[in-house]
Visitor: 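My structure is below; once you've seen it, I'll send some questions.
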Amino acid sequence: MARSRLASLLVAACGSALPLLGRCHASSVPAASAAPLASDAADDAATCLLQRAPAERRLHAELPASAAQIAEAQSSAKQQQEEEALFDVDEDSKAGDSRCRALGGRVWLSQKGADYLVEKFTPEVVKLVENLKFAAIEGSMMRFKYKADNIRVAKLVVEKPVVQFEKGKGLLVHVPNISLNVSMHYRVDGEDWFNPLYSGGRVHAVVGKDTTGTGLIEVGVSPAGNPHLNATMHKFSIGLKSLELSGTVFAGLSNFVTKLFKEKIEDMLSEKILTLVEWFLNEKMNGYMDVLDLLIPLPLPDGYNVSSVDLRLCGVHTSTAAMVLDISGAIVDPSRPNLVYPEDPMPLPRGPPMPLADFENTMVAMMLTKWTINSGLWLYNEEHLLKSTIAQQDLPASSLIVLNADSLRPLIQNNPDVPRWWWTANTDGHKSQFSLDVACTEMPKIDFKNGKIGVTAPASVGFKLDGVHTANLYTTQVKMPVTFQMALSINSGTVPQQLNVNLEYASASPITIVGANLRRSDTEPAAKSTTPAWGKSSSSWGWMPTPAPADGAQYSVNLWAMSAWIEMFSRLALVPMANDAMAAIEFPSAMGIELVNSSLEVTDHMFFSTDFSANASRVMELAYYGKPADPMDWGEKDDPMDWGE
């Protein structure tokens with residue numbers, strides 16, 4: 001029976017016995033092999049397996065470890081399913097998806113991030129409450145006229161709010177244990193001539209810690225793609241702990257005044273604080289959201305700094321573990337909104353690609369795919385920016401590359417279209433200069449591998465003569481596939497943090513010689529070739545004849561020397577120039593928000609996780625007055641800070 005159970009475990013757990021069973025004698029395996037093995041059949045199968053070759057017996061001996069691994073894998077899969085379920089969203093809760101043609105990225109706000117935001121801005125609400133101006137309370141009751149004015153709130157203490165993600169709804173915020181003091185002047189007079197009773201003085205009330213508030217903050221998307229808040233305070237329960245009157249009060253009148261102002265104070269505070277919190281979030285914080293710029297410019301050199309990463313929102317959903325923000329994720333030119341990358345993006349996971357415990361320990365996680373980088377390359381290709389002209393002064397000062405006639409003459413044996421004087425120095429010893437026209441000839445291809453971004457870019461290098469009267473005269477043009485890797489890392493130890501981009505050269509071969517004197521003048525095209533097409537370095541070395549023009553003149557290029565020079569130029573010029581242009585890109589603080597403790601991971605996607613620090617004073621300044629360069633007039637309309645005197 002032990003062998004029976006072992007064989008059954010083998011068949012049921014991993015199926016690895018099936019190939020072995022197939023090699024057993026037919027009498028050892030039941031004819032109805034599609035059905036589960038019965039006990040006798042299992043015994044026969046076990047006997048067969050135990051009689052197999054040593055390698056098969058070793059496989060059999062390893063079954064307990066395999067079963068443990070399977071159990072562990074099943075447990076891990078179950079845990080993964082449970083964690084993924086935490087990020088399920090209610091599909092009916094989508095907001096704003098229609099504004100995006102494609103969904104290229106996803107951002108997750110964790111419980112830690114939500115707690116930080118609510119905790120950070122609660123003191124700002126406290127300041128507003130303590131500076132409230134209340135209108136006078138007056139009226140009549142039981143034949144007495146009353147009036148209370150000069151109402152002030154002080155010593156407002158709020159414990160840490162409790163924040164909870166409500167699936168399909170938003171953030172549920174509960175504020176427990178609120179305490180504050182209220183003071184006011186009062187006067188009570190009898191309405192009738194025969195009622196001489198009156199009283200006046202001050203009221204001092206203490207609101208106890210059993211006062212609580214609860215509200216829901218729904219997050220949607222504005223037409224511009226910014227977050228938009230819709231806060232509703234469900235309740236604000238005021239519990240007046242004590243109320244003291246000062247002044248001359250008759251005993252019977254004191255009870256009346258105490259009961260009167262207790263009810264008035266509770267109603268007044270409940271109404272005003274509810275209104276204030278909703279106004280603060282729905283008006284002022286949305287004012288901040290409206291000026292939040294989610295088009296993040298890419299810090300590229302002049303002439304190429306036309307693009308921005310589009311982090312504007314497409315939709316917002318709430319799961320039980322996070323607020324999920326769908327973003328555009330494309331690289332765009334804000335000045336040319338009609339240039340839209342036509343390809344469909346890659347699918348995105350429901351939850352962040354990291355262990356749940358790690359996600360709960362960070363504030364924000366963001367995922368982008370190769371689609372984002374491809375959208376940028378497509379944009380630059382459409383704008384004809386995947387090219388550059390490089391002259392000697394553009395090369396790094398330490399570069400060994402020299403672009404003058406003496407240095408490059410060995411590459412080109414003969415080119416009758418180049419004036420002879422151009423190859424010799426002038427009377428001042430000045431040597432003629434080349435400039436290089438470098439361009440991508442096809443769309444580069446992107447690959448994420450080994451934690452790096454791989455790029456393969458079919459490119460060409462044109463050797464252009466400077467200082468000749470004929471425009472755009474080239475000695476030759478070389479095509480080659482340039483392949484390199486780019487490593488990205490974040491230095492979180494600096495203030496501000498820095499993104500380090502390190503371009504690593506890999507290959508620029510084989511080369512193909514395209515032509516010489518590609519353009520004789522602006523108006524006269526080069527004569528058509530009567531010889532076969534260009535050769536490639538992979539099939540020929542040494543001097544390579546180039547296509548001959550109609551006059552029979554012969555051009556030649558040293559393939560071995562040219563290939564070696566291209567390799568050296570790529571390593572010693574292109575790579576250092578690119579690294580200098582992208583070195584130590586700072587993460588500046590913006591709109592009162594600074595990123596801290598950030599990390600970046602490249603696998604089959606780009607995954608960014610970070611904490612953030614908010615300058616509440618700066619945020620509130622923007623919320624009230626807008627951007628300094630473009631101040632917004634919020635006006636005084638419906639200002640709940642002023643309830644009149």
Visitor: Answer whether the closest heavy-atom distance between the side chains of M577 and P396 falls below 4.5 Å.
Guide: yes

Visitor: Among L386, N381, V482, whose side-chain contact (heavy atoms from CB on, under 4.5 Å) with C440 holds?
Guide: L386

Visitor: Kindly say whether E343 contributes a backbone atom to a donor-acceptor pair with the side chain of W371 at under 3.5 angstrom?
Guide: yes

Visitor: Looking only at non-hydrogen atoms, find the nearest pair between G303 and L385 and report the distance.
Guide: O-CD2, 3.7 Å

Visitor: Tell me if a side-chain donor or acceptor on S307 pairs with a main-chain N or O of V332 at a distance below 3.5 Å.
Guide: no

Visitor: Quick one: do R350 and D88 make a salt bridge, cutoff under 4.0 Å?
Guide: yes

Visitor: Looking at S507 and T483, would you say the former's side chain and the latter's main chain have a donor-acceptor pair under 3.5 Å?
Guide: no

Visitor: Can you tell me how far CZ of F587 sits from CD1 of I585, rounded to the nearest 0.5 angstrom?
Guide: 8.5 Å

Visitor: Check whether N286 reaches the backbone of H228 with its side chain - one donor and one acceptor, N or O, closer than 3.5 Å.
Guide: no

Visitor: Report yes if some heavy atom in the side chain of W108 is under 4.5 Å from a heavy atom in the side chain of M354; otherwise report no.
Guide: no

Visitor: Using every non-hydrogen atom in the two residues, find where H317 and D326 come nearest and quote the distance to one decimal.
Guide: NE2-OD2, 2.9 Å

Visitor: Between L356 and F87, is there a side-chain heavy-atom distance shorter than 4.5 Å?
Guide: yes

Visitor: Any idea which heavy atoms bring I446 and L377 closest together, and the distance?
Guide: CD1-CD1, 3.5 Å

Visitor: Stepwise, does the side-chain contact (heavy atoms from CB on, under 4.5 Å) test hold for N404 with F434?
Guide: CA-CA 6 Å; N404 62 33; F434 280 97; over 6 Å; no

Visitor: At their closest point, which heavy atom of V306 faces which heavy atom of P334, and how far apart are they?
Guide: O-CD, 3.6 Å

Visitor: Using a 3.5 Å distance criterion without hydrogens, assess whether the side chain of Y304 forms a donor-acceptor pair with backbone atoms of Y380.
Guide: no

Visitor: Under a 3.5 Å distance rule, please check whether R312 uses its side chain to pair with a backbone N or O of C100 as donor and acceptor.
Guide: no

Visitor: Return yes if some donor-acceptor pair links the side-chain N/O of S110 with the main-chain N/O of T362 below 3.5 Å, else return no.
Guide: yes

Visitor: Measure from the ring center of F121 to the ring center of Y288 and say whether it is less than 6.0 Å.
Guide: no

Visitor: Hey, mind stepping through F608 and L368 against side-chain contact (heavy atoms from CB on, under 4.5 Å) and telling me if it holds?
Guide: CA-CA 8 Å; F608 177 74; L368 299 172; over 6 Å; no

Visitor: When the ring planes of F569 and W565 are compared, do they come out parallel, tilted or perpendicular, using 30° and 60° as the limits?
Guide: parallel

Visitor: Please give me the minimum heavy-atom distance between V316 and G220, naming the atom from each residue.
Guide: CG2-O, 4.0 Å

Visitor: Got a donor-acceptor contact below 3.5 angstrom from the T372 side chain to the G329 backbone?
Guide: yes

Visitor: When you measure from the side chain of N226 to the backbone N and O of L292, does any donor-acceptor pair fall under 3.5 Å?
Guide: yes

Visitor: Measuring only between side-chain heavy atoms, which start at C-beta, is W421 closer than 4.5 Å to V468?
Guide: yes

Visitor: How close do L503 and M486 get, heavy atom to heavy atom, and via which atoms?
Guide: CD1-CB, 4.1 Å

Visitor: Quick check: does any side chain N or O of Q497 sit under 3.5 Å from a backbone N or O of N597, one acting as donor and the other as acceptor?
Guide: yes

Visitor: Check whether any side-chain heavy atom of K479 lies under 4.5 Å from a side-chain heavy atom of S460, and answer yes or no.
Guide: yes

Visitor: Do we see a donor-acceptor contact under 3.5 Å between the side chains of S609 and S599?
Guide: yes

Visitor: Roughly how far, to the nearest 0.5 Å, is CE of M568 from CD1 of I401?
Guide: 4.0 Å

Visitor: State, without any angle test, whether Y474 and D437 hold a side-chain donor-acceptor pair at a distance under 3.5 Å.
Guide: yes

